[in-house]
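When reading the values below, keep in mind they use all heavy atoms of this one structure, side chains included, and skip hydrogens, waters and symmetry mates.
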Amino acid sequence: MNAIRSIFVTNNGLSDHIGAAQVLPYLEGLAARGHQIACLSVEHPERQEEFVTTIAPRLQRAGIEHSPILRRALPLTGKLDRFAMPGRMQNRLEKLVETFQPDMIHCRSYMPLGAVLPVSAQYNLPFVFDMRGFWVDERCEAGIWQGPIGRGIARHFRKLETRAISRANAIVALTHDAKSIISARRPSAGTVTNVIPCSVDQTRFRPDKILRASARRALGYSAKDVVLVHLGSAGPLYQMGTTYRLLTALQAQGMRARLLLVGDHDAQQHVRAAKGYGVTLDIAHLTCRKVPHDEVPALLNAADIGLSFRIASTSSLGVSATKVGEYLSCGLPVISNTGIGDINDILPDRRFGLVLAHHDTPAIEHAARTIASAPFASRSVIRAHAAGRFSLEHAGAAYDALYRSFAGERQAA
């Protein structure tokens, strides 16, 4: 079958939102296709109950060997653990290589590179650098790494990135825009870079009329309410000002627009933040909900339009927003902005949403008039459009093909 043995290394916990949505489903898919998988992850102690009841049974059913490292939870040791973690991961990875005898290592994102690069060289093992986005650029652009210490951290990870791009046997990027940038940084990378967008489990993220009706009742929405949903963080990389202004622009068009914020949000904080953009929000028009990942599909079904406004930058070209795939899979049209990886291909015409070229008032008012004047495609049509790009089956097949290419190289050797 040309299946291989792989150690998947991630700094995410499998019980985290990302682990549940974007790591474990891929590993289950690879195991189902015959590959032998071991996973080294970094787990949160406070999520152990969820891990034991939900994640561990899935790992057992899939036949995935799991080697978790627990984060240190105390304030001081937790901070020190950030510096100790590369060494802890390297020690654990070396032991896992000795016992599991893998054919390759699969490194998810940048944090594990400090462990994967030396172990790969020590044991002469090929590795996949699954970049996801341009993490170093993202942290710098968000202002997270500032001052002498921040610049030192950025230089450290930039060196790891350069080494990984140069030495990786294959690179996975999320967008074709990112692939072009990687190819410029390493001319030979174009021949080994695979584009695999973030995927969505479309058995769970799908239009559901019954779920929509019950969720809207629970949230207190009327049939006339037009619900905009923002899923995830409202951090510095996101253009929340555009979200606030679009909400009020739609209301100015006579629509009963409401904003549903899914994640760790506070309505009062959003009202205060909106004032900084010259927007006065009625707190009664905001709904904030923090729910487990399994409950997100119900909230998306309750909505009418998905929002994904982000700062356009170098890092944004490498972004495949999971939320966009989840919106579209639930049949929601998406309003986004240009400069985010492959967004113009994802939303090729207004049947599926709108891509704002600018964040100024004329662009937002034009978008509001467009939304108010004509309907988008039906939910079933939008979902079908999403299936080709964001389906979990499509991503699983792409990773399977990548793994089998390593099996072919191994046999040739």
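- Ser6 and Tyr403 share a donor-acceptor pair across their side chains, judged by distance under 3.5 Å alone.
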task: Could you walk me through whether Arg379 and Asp208 pass the salt bridge (charged side-chain N to carboxylate O under 4.0 Å, His left out) test, one step at a time?
output: CA-CA 10 Å; Arg379 294 193 176 220; Asp208 187 319; over 6 Å; no
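- Using a 4.0 Å cut-off between charged nitrogen and carboxylate oxygen, Asp201 and Arg206 do not count as a salt-bridge pair.
- Looking only at side-chain heavy atoms (C-beta outward), Glu28 and Ile37 stay at 4.5 Å or farther from each other.
- Looking at Ser329 and Gln202, their side chains do bring a donor and an acceptor atom within 3.5 Å of each other.
- Smallest separation of non-hydrogen atoms from Ile171 and Ile165: CD1-O, 3.9 Å.
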message: Run the side-chain contact (heavy atoms from CB on, under 4.5 Å) test on Ile335 and Ile371 for me, step by step, so that the C-alpha distance in whole Å, both residues' side-chain angles and the decisive distance to 0.1 Å come before the verdict.
response: CA-CA 10 Å; Ile335 316 297; Ile371 293 168; 4.0 Å; yes
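- Taking every heavy atom of both residues into account, Ala395 and Tyr26 meet most closely at CB-CE2, 3.9 Å.
- Residues Cys39 and Thr10 approach most closely at SG-CG2, 4.3 Å, considering heavy atoms.
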- request: Under the salt bridge (charged side-chain N to carboxylate O under 4.0 Å, His left out) rule, what do Glu138 and Arg310 come out as? Steps first, then yes or no, please.
  value: CA-CA 11 Å; Glu138 186 175 290; Arg310 184 185 171 97; 3.0 Å; yes
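- Residues His385 and Arg351 fail the side-chain proximity criterion, which asks for heavy atoms closer than 4.5 Å.
- Side chain of Thr248 to backbone of Arg245: a donor-acceptor contact under 3.5 angstrom is found.
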- request: Start with the C-alpha distance between Ile311 and Gln239, add both sets of side-chain angles, then the distance that settles side-chain contact (heavy atoms from CB on, under 4.5 Å), and finish with yes or no.
  value: CA-CA 6 Å; Ile311 294 172; Gln239 295 274 26; 4.0 Å; yes
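- Less than 6.0 angstrom separates the ring centroid of Phe205 from the ring centroid of His293.
- Counting only distance, with no hydrogens or angles, the side chain of His230 and the backbone of Ser233 share a donor-acceptor pair below 3.5 Å.
- Defined by atom type and a distance below 3.5 Å, a donor-acceptor pair is present between the side-chain atoms of Asp130 and Tyr399.
- Minimum interatomic distance between Cys330 and Leu300 (heavy atoms only, all atoms of both residues): SG-CB, 3.9 Å.
- Ser222 contributes a side-chain N or O that, together with a main-chain N or O of Lys224, makes up a donor-acceptor pair within less than 3.5 Å.
- Contact check for Val119 versus Ile105: side-chain heavy atoms found under the 4.5 Å cut-off.
- Put simply, the side chain of Ile55 does not reach to within 4.5 Å of the side chain of His66, judged on heavy atoms.
- Looking at Ile182 and Phe134, their side chains come closer than 4.5 Å, going by heavy atoms from C-beta outward.
- Panel note: side chain Gln36, backbone Ile4; no donor-acceptor pair is recorded below 3.5 Å.
- Using a cut-off of 4.0 Å between Lys/Arg side-chain N and Asp/Glu carboxylate O, Lys290 and Asp266 are scored as not salt-bridged.
- A salt bridge does not link Asp342 with Lys179: none of the charged nitrogens is closer than 4.0 Å to a carboxylate oxygen.
- Salt-bridge formation is not detected for the pair Lys95/Glu98: no Lys NZ or Arg NE/NH1/NH2 atom is positioned less than 4.0 Å from an Asp or Glu carboxylate oxygen.
- The aromatic rings of Trp135 and Phe157 sit perpendicular, their planes meeting at an angle over 60°, well past the 30° parallel limit.
- Surrounding NE2 of His285 are more than 12 heavy atoms belonging to other residues, nucleotides or ligands, all under 6.0 Å away.
- Here the SG atom belonging to Cys107 is positioned 10.5 Å from the CE atom belonging to Met131, to the nearest 0.5 angstrom.
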field: Step-by-step side-chain contact (heavy atoms from CB on, under 4.5 Å) determination, Ile346 to Val355
entry: CA-CA 10 Å; Ile346 296 168; Val355 180; over 6 Å; no
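- Contact of the Met85 side chain with the Asn11 side chain is registered, since non-hydrogen atoms from C-beta on lie closer than 4.5 Å.
- Rounding to the nearest 0.5 angstrom, the gap separating the CZ atom in Phe127 from the CE atom in Met104 is 10.0 Å.
- Salt bridge annotation for Glu65-Arg5: absent, with no cationic side-chain nitrogen under 4.0 angstrom from a carboxylate oxygen.
- Ser336 has its side chain out of reach of Val324: every pair of non-hydrogen atoms, C-beta onward, lies at least 4.5 Å apart.
- Among the candidates Arg258, Arg212, Arg256, the single residue satisfying the salt bridge (charged side-chain N to carboxylate O under 4.0 Å, His left out) test with Asp304 is Arg212.
- Using modelled atom types, no side-chain atom of Thr287 and backbone atom of Leu260 make a donor-acceptor pair closer than 3.5 Å.
- Proximity of a side-chain donor or acceptor of Tyr110 to a complementary backbone N or O of Leu160 within less than 3.5 Å is not detected.
- Minimum heavy-atom separation, Pro112 to Met89: CB-CE, 3.9 Å.
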task: Go through the steps to decide whether Glu161 and Arg158 satisfy the test salt bridge (charged side-chain N to carboxylate O under 4.0 Å, His left out), and finish with yes or no.
output: CA-CA 5 Å; Glu161 177 192 63; Arg158 185 69 77 189; 2.9 Å; yes
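- For Glu94 and Tyr123, the side-chain atoms include no donor-acceptor pair closer than 3.5 Å.
- No donor-acceptor pair closer than 3.5 Å links the side chain of Glu43 to the backbone N or O of Gln48.
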task: Would you sort out whether Glu295 and Arg289 count as a side-chain contact (heavy atoms from CB on, under 4.5 Å), showing the intermediate values?
output: CA-CA 10 Å; Glu295 297 178 26; Arg289 291 291 185 273; over 6 Å; no
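- Separating the CZ atom in Arg404 from the CG atom in Leu30 is a distance of 9.5 Å, to the nearest 0.5 Å.
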- request: Tell me, with the steps shown, if Arg33 and Glu393 meet salt bridge (charged side-chain N to carboxylate O under 4.0 Å, His left out).
  value: CA-CA 11 Å; Arg33 288 171 169 85; Glu393 182 65 25; 2.8 Å; yes
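- Using modelled atom types, no side-chain atom of Asp16 and backbone atom of Ile18 make a donor-acceptor pair closer than 3.5 Å.
- Here Phe8 and His35 keep their ring centres 6.0 angstrom or further from each other.
- Using modelled atom types and a 3.5 Å distance limit, the side chains of Ser67 and Arg92 yield a donor-acceptor pair.
- In this structure, Ser109 contributes its side chain and Met111 its backbone to no donor-acceptor pair below 3.5 Å.
- Side chain of Ser405 to main chain of Leu402: a donor-acceptor pair is present (N/O by atom type, distance under 3.5 Å, no hydrogens or angles).
- In Ile283, the CD1 atom is crowded: over 12 heavy atoms of neighbouring residues, nucleotides or ligands sit closer than 6.0 Å.
- In this model, no donor atom of one side chain and acceptor atom of the other lie less than 3.5 Å apart for Thr243 and Tyr238.
- Between Asn194 and Ala170, the closest heavy-atom pair is ND2-CB, 4.1 Å.
- Residues Ser316 and Ser313 bring a donor and an acceptor atom of their side chains to less than 3.5 Å of each other.
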